[in-house]
Visitor: 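What follows is a structure written as structure tokens; I'll ask about it next.
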Amino acid sequence: MLEKIQGHQTITEHLEKEILTGGVSHAYLFSGIDGVGKKKTALEFAKALLCMSAEKKPCGHCSVCSQIEHGNHPDVQVITSKQGETTIKIIQVREMISGLSIKPYTGNQRVVIIDGADHMTPEAQNSLLKSLEEPLSYNLFILLTSHPQSILTTIRSRCQSYYFHPLDNDLVAEILKEETEYDRESIQGVLHQAGGSPGMGIYLLENSEIQNERKHCLRDLYSLLKGDELKVFSLADTLSKDKATSEEILVFLIQWFYEVGLLLQSLELPGAVQPDKAHIAYLKILNYEKNQVILKTLFDMMMTLQYNVSLRLQWEKVFIKIMETQKGYN
Ligand SMILES: [Zn+2]
């Protein structure tokens, strides 16, 4: 039924079973890193619920399936922050809610997907809460998020939660090969940085400047670890452009030091990928304990990102801590 979704078999099997037994919940929370397949799964799930085919659902070619695919089915809404804005505002949620009491146009099911649900302002979340508390039978909500901890506990507790794991590099490579025109070498080149997310892999392939930015960051961080203290400020300066950049590079660095940690323990990298030159350089100057402290420092920064903090200051703190760890001051 949901065979188009690759790599999240446990989840898709659960969802299929719910459809077949009539046990579909009224609210779901799909969490996991960006680009891992949450939205695709939500849309396939919506198709499976609404498809008009008498046999295999979703058929993929009836008018319903194709409208959902193209984002213009009246009973499947995707809400996300408006272009140029970082939050989903209460007015967007109110607008959506005002339509909820009207029966679905074409069937007996409406699916509302909130993409980046953690971007809802607290007011927007509270306003959504009411609809989750007193659900109408034909409304189904799917909240997508890479930061479930930023969503109100009262909302989370009303949703059935599924965590989407990062995929194996082998599978990411396979998906990128199917979905893009890039050659094997280019695909191999982004696998490490994609961190188990096909969506991130595509993004990197299409935006080669980001790959360069990451390479620069690793190079500067290496100099910092070798004792170049000025890099604390130049790195903090480059990375604190905006919250999205900070978040993206942070996820990348966490993945990076996680991999270095695996290699320091003589373990294989995910997907049995061979370490590259940068991995080997880092291995020579770090030990496992120091690497763990660096990872924790980066995770701590991730937690602070949900608050309104000075990014530059946070990055400076992170790099000072990393420098001190390397010198053995911690
Ligand atoms: Zn169909």
Side-chain angles (χ1 to χ4, degrees), residues 1-32 34-80 92 95-117 128 131-132 135-145 159-165 167 171-172 174-181 197-199 201-202:
M1 197 182 267
L2 301 173
E3 63 279 347
K4 267 180 102 176
I5 306 302
Q6 300 189 64
H8 303 294
Q9 207 181 341
T10 322
I11 297 173
T12 50
E13 278 174 4
H14 268 276
L15 294 173
E16 285 169 359
K17 204 167 148 197
E18 286 174 19
I19 296 177
L20 294 171
T21 57
V24 173
S25 301
H26 73 273
Y28 291 87
L29 180 68
F30 289 179
S31 61
D34 284 337
V36 79
K38 305 184 295 292
K39 188 173 176 189
K40 197 167 179 184
T41 306
L43 290 170
E44 283 302 300
F45 188 44
K47 284 185 204 165
L49 289 165
L50 293 164
C51 173
M52 298 196 301
S53 161
E55 291 152 20
K56 184 182 166 288
K57 289 173 196 249
C59 68
H61 48 73
C62 70
S63 62
V64 170
C65 283
S66 109
Q67 275 181 302
I68 295 176
E69 182 69 33
H70 294 105
N72 51 21
H73 191 286
D75 293 330
V76 178
Q77 296 179 42
V78 179
I79 295 176
T80 185
Q92 288 174 268
E95 217 172 82
M96 176 271 290
I97 289 172
S98 70
L100 290 180
S101 55
I102 306 163
K103 282 228 163 186
Y105 292 92
T106 49
N108 47 12
Q109 185 81 65
R110 172 186 290 114
V111 180
V112 179
I113 298 169
I114 305 185
D115 190 7
L128 172 71
S131 306
L132 295 178
L136 290 165
S137 60
Y138 45 77
N139 291 329
L140 169 82
F141 294 91
I142 309 178
L143 277 58
L144 315 179
T145 179
C159 297
Q160 189 170 331
S161 287
Y162 286 113
Y163 173 66
F164 286 65
H165 285 275
L167 303 180
L171 183 54
V172 175
E174 212 175 291
I175 295 173
L176 294 180
K177 198 168 151 255
E178 281 167 25
E179 296 191 2
T180 72
E181 302 281 305
S197 158
I202 293 174

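Order of appearance sets the numbers: ligands from 1, and atoms from 1 within every ligand. The structure presented is a predicted model; accordingly, all values stated were derived computationally and were not measured.
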Visitor: Count the heavy atoms belonging to other residues, nucleotides or ligands that lie under 6.0 Å from CD of E181, then report whether that count exceeds 12.
Guide: no
Visitor: Looking only at non-hydrogen atoms, find the nearest pair between A42 and L144 and report the distance.
Guide: CB-CD2, 4.2 Å
Visitor: Output every pair passing salt bridge (Lys or Arg N to Asp or Glu O under 4.0 Å) with a member in residues 45-69, not counting sequence neighbours, ordered by first then second residue.
Guide: E3-K56, E44-K47, K47-E69
Visitor: For the Zn ion (ligand 1), which protein N/O/S atoms are closer than 2.8 Å?
Guide: C51 SG, C59 SG, C62 SG, C65 SG
Visitor: Please name all residues satisfying salt bridge (Lys or Arg N to Asp or Glu O under 4.0 Å) with E179, sequence neighbours left out, ordered by chain then number.
Guide: K40
Visitor: Please enumerate all residues that pass salt bridge (Lys or Arg N to Asp or Glu O under 4.0 Å) together with D115, with sequence neighbours excluded.
Guide: K39
Visitor: Could you go through C59 and C51, starting from their C-alpha distance and side-chain angles, then the distance that decides it, and tell me whether this counts as side chain to side chain contact (heavy atoms under 4.5 Å, CB included)?
Guide: CA-CA 7 Å; C59 68; C51 173; 3.6 Å; yes
